[in-house]
Amino acid sequence: MEGGSDRWPRHDLVVAKIGRNESCPCGSGRKAKRCCGVERGPSEESLARAFLSGACRRAAVELRRLSDAVLGELFEELWDLPAAHLSLQVGLPKLHSPVLARLCDAVAGGDPDPELLEAVVSAVDTPIERARLARAVIAQAQAGMIEEKLANAALLDLGSDSRRLLRAGLLQAVAVRVGATRTPAGVLLAA
C-alpha cells in the first residue's frame with residue numbers, strides 16, 4: 001500500500017475540553033451543548049459514528065472512478081473477507097440470546113435461516129461494532145492482508161446502511177463458534 005499509514009486514519013482519538021458553544025467533536029455539526037454535552041463529552045457511539053463517517057468518505061473518494069461492474073465485484077468479495085482474519089468477524093456476545101442460539105443450531109445443521117440471520121444482525125448492528133470492524137479492515141489493509149480496493153469497499157459498506165459485511169462476519173463467527181468451519185489459522189473448534 002502506497003503511503004503507509006498516511007492513507008488510513010489513526011485508530012485513537014483524543015478529545016480535548018470544548019466549550020458549550022463550540023462544534024461537537026462527534027461530527028454532527030451541532031453545538032456541544034445541544035449534542036453530546038460538555039461534561040461527559042461525546043459518547044462512544046457518537047465517536048464511532050464520526051469515525052465511520054470519515055472512513056466512508058475517504059473510501060468513497062478512492063472508489064469513485066471505478067465502474068459499477070467493478071464495484072459490484074468488490075462488494076461480492078466482501079462475503080469472503082471475514083474468513084481471512086478473526087478480527088473481521090462480528091463479535092458474538094458471551095451470553096447467547098434465544099435467537100442467536102437458534103441461529104447457531106441452524107448453522108451447525110448446515111441450514112442457516114435467513115430470518116434468524118437478519119434478527120441477529122439487527123441485534124449486533126451498532127455503530128460501535130461497525131467502527132470496530134472498520135478499524136480491523138484498516139489494520140488488515142495496512143498489514144497488506146487486504147487489497148486496498150477491497151478494504152475501501154468494506155469501509156464504504158460499513159459506513160452505509162448496507163449489512164453485507166456484517167452478515168458475512170456474523171455467519172463466519174457463528175460457523176467458527178459451532179465448529180462448522182475452521183478459524184483463519186486452520187483451527188477447528190469443538191462443536
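A donor-acceptor pair under 3.5 Å is absent between the side-chain atoms of Arg167 and the main chain of Trp79, judged by distance alone. Looking only at distances, a side-chain donor or acceptor of Ser122 sits under 3.5 Å from a matching main-chain atom of Glu118. Of the possible polar contacts, one joining the Glu129 side chain to the Gly91 backbone as a donor-acceptor pair under 3.5 Å is found. Between the side chain of Asn152 and the backbone N or O of Glu148, at least one donor-acceptor pair lies under 3.5 Å.
Linking Ile, Leu, Val, Met, Phe, Trp and Tyr residues whenever their side-chain heavy atoms come within less than 4.5 Å places Leu92 and Val178 in a single cluster. Linking ILVMFWY residues whenever their side-chain heavy atoms come closer than 4.5 Å, directly or via other members, places Val137 and Val121 in the same cluster. Two different hydrophobic clusters hold Met145 and Leu155 under the rule that ILVMFWY side chains link at heavy-atom gaps under 4.5 Å. Under the 4.5 Å side-chain heavy-atom criterion for Ile, Leu, Val, Met, Phe, Trp and Tyr, Leu86 and Leu170 are members of distinct hydrophobic clusters.
In terms of heavy-atom proximity, Phe75 sits nearest to Arg164 at O-CD, 2.9 Å. Here the closest heavy-atom approach between residue Ala173 and residue Gln89 is recorded as CA-OE1, 3.4 Å. Between Leu156 and Ala59 the shortest heavy-atom distance is N-CB, 4.1 Å. Taking each heavy atom of Ala48 and Ala131 in turn, the nearest pair found is CB-CB, 3.7 Å.
Of the residues Thr183, Thr181, Leu81, the one that meets the side-chain contact (heavy atoms from CB on, under 4.5 Å) test with Gln172 is Thr181.
At a threshold of 4.5 Å between non-hydrogen side-chain atoms, the residues Phe51 and Ile138 count as touching. Side-chain contact between Val174 and Val90 is absent, with no heavy-atom pair separated by less than 4.5 Å. When side chains are defined from C-beta on, Glu45 does not count as touching Thr126, because their heavy atoms never get closer than 4.5 Å. Two residues are said to be in side-chain contact when any heavy atoms from C-beta on lie closer than 4.5 Å; Val61 and Arg58 fail this criterion. Two residues are said to be in side-chain contact when any heavy atoms from C-beta on lie closer than 4.5 Å; Leu165 and Pro82 meet this criterion. Side-chain contact between Lys149 and Leu66: present, with at least one pair of heavy atoms (C-beta onward) separated by less than 4.5 Å.
The distance from atom CG of Leu52 to atom CZ of Arg57, rounded to the nearest 0.5 Å, is 11.0 Å. The CZ atom of Arg130 sits 10.0 Å away from atom SG of Cys56, with the distance rounded to the nearest 0.5 Å. In this structure, CD in Glu73 is found 12.0 Å from CG in Leu150, a value given to the nearest 0.5 Å. One finds the CG atom of Leu74 at 11.5 Å from the CG atom of Asp157 (value rounded to the nearest 0.5 Å). The structure places CG of Leu71 at 12.0 Å from CD of Glu76, a figure rounded to the nearest 0.5 Å. Note that the CD atom of Glu77 and the CD1 atom of Ile146 stand 11.0 Å from one another [nearest 0.5 Å].
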Donor-acceptor pairs under 3.5 angstrom involving side-chain atoms of residues 94-117: please list them, not counting sequence neighbours.
from, atom 1, to, atom 2, distance (Å)
His96, NE2, Arg177, NH1, 2.4
Ser97, OG, Leu100, N, 3.1
Asp113, OD1, Glu115, N, 3.0

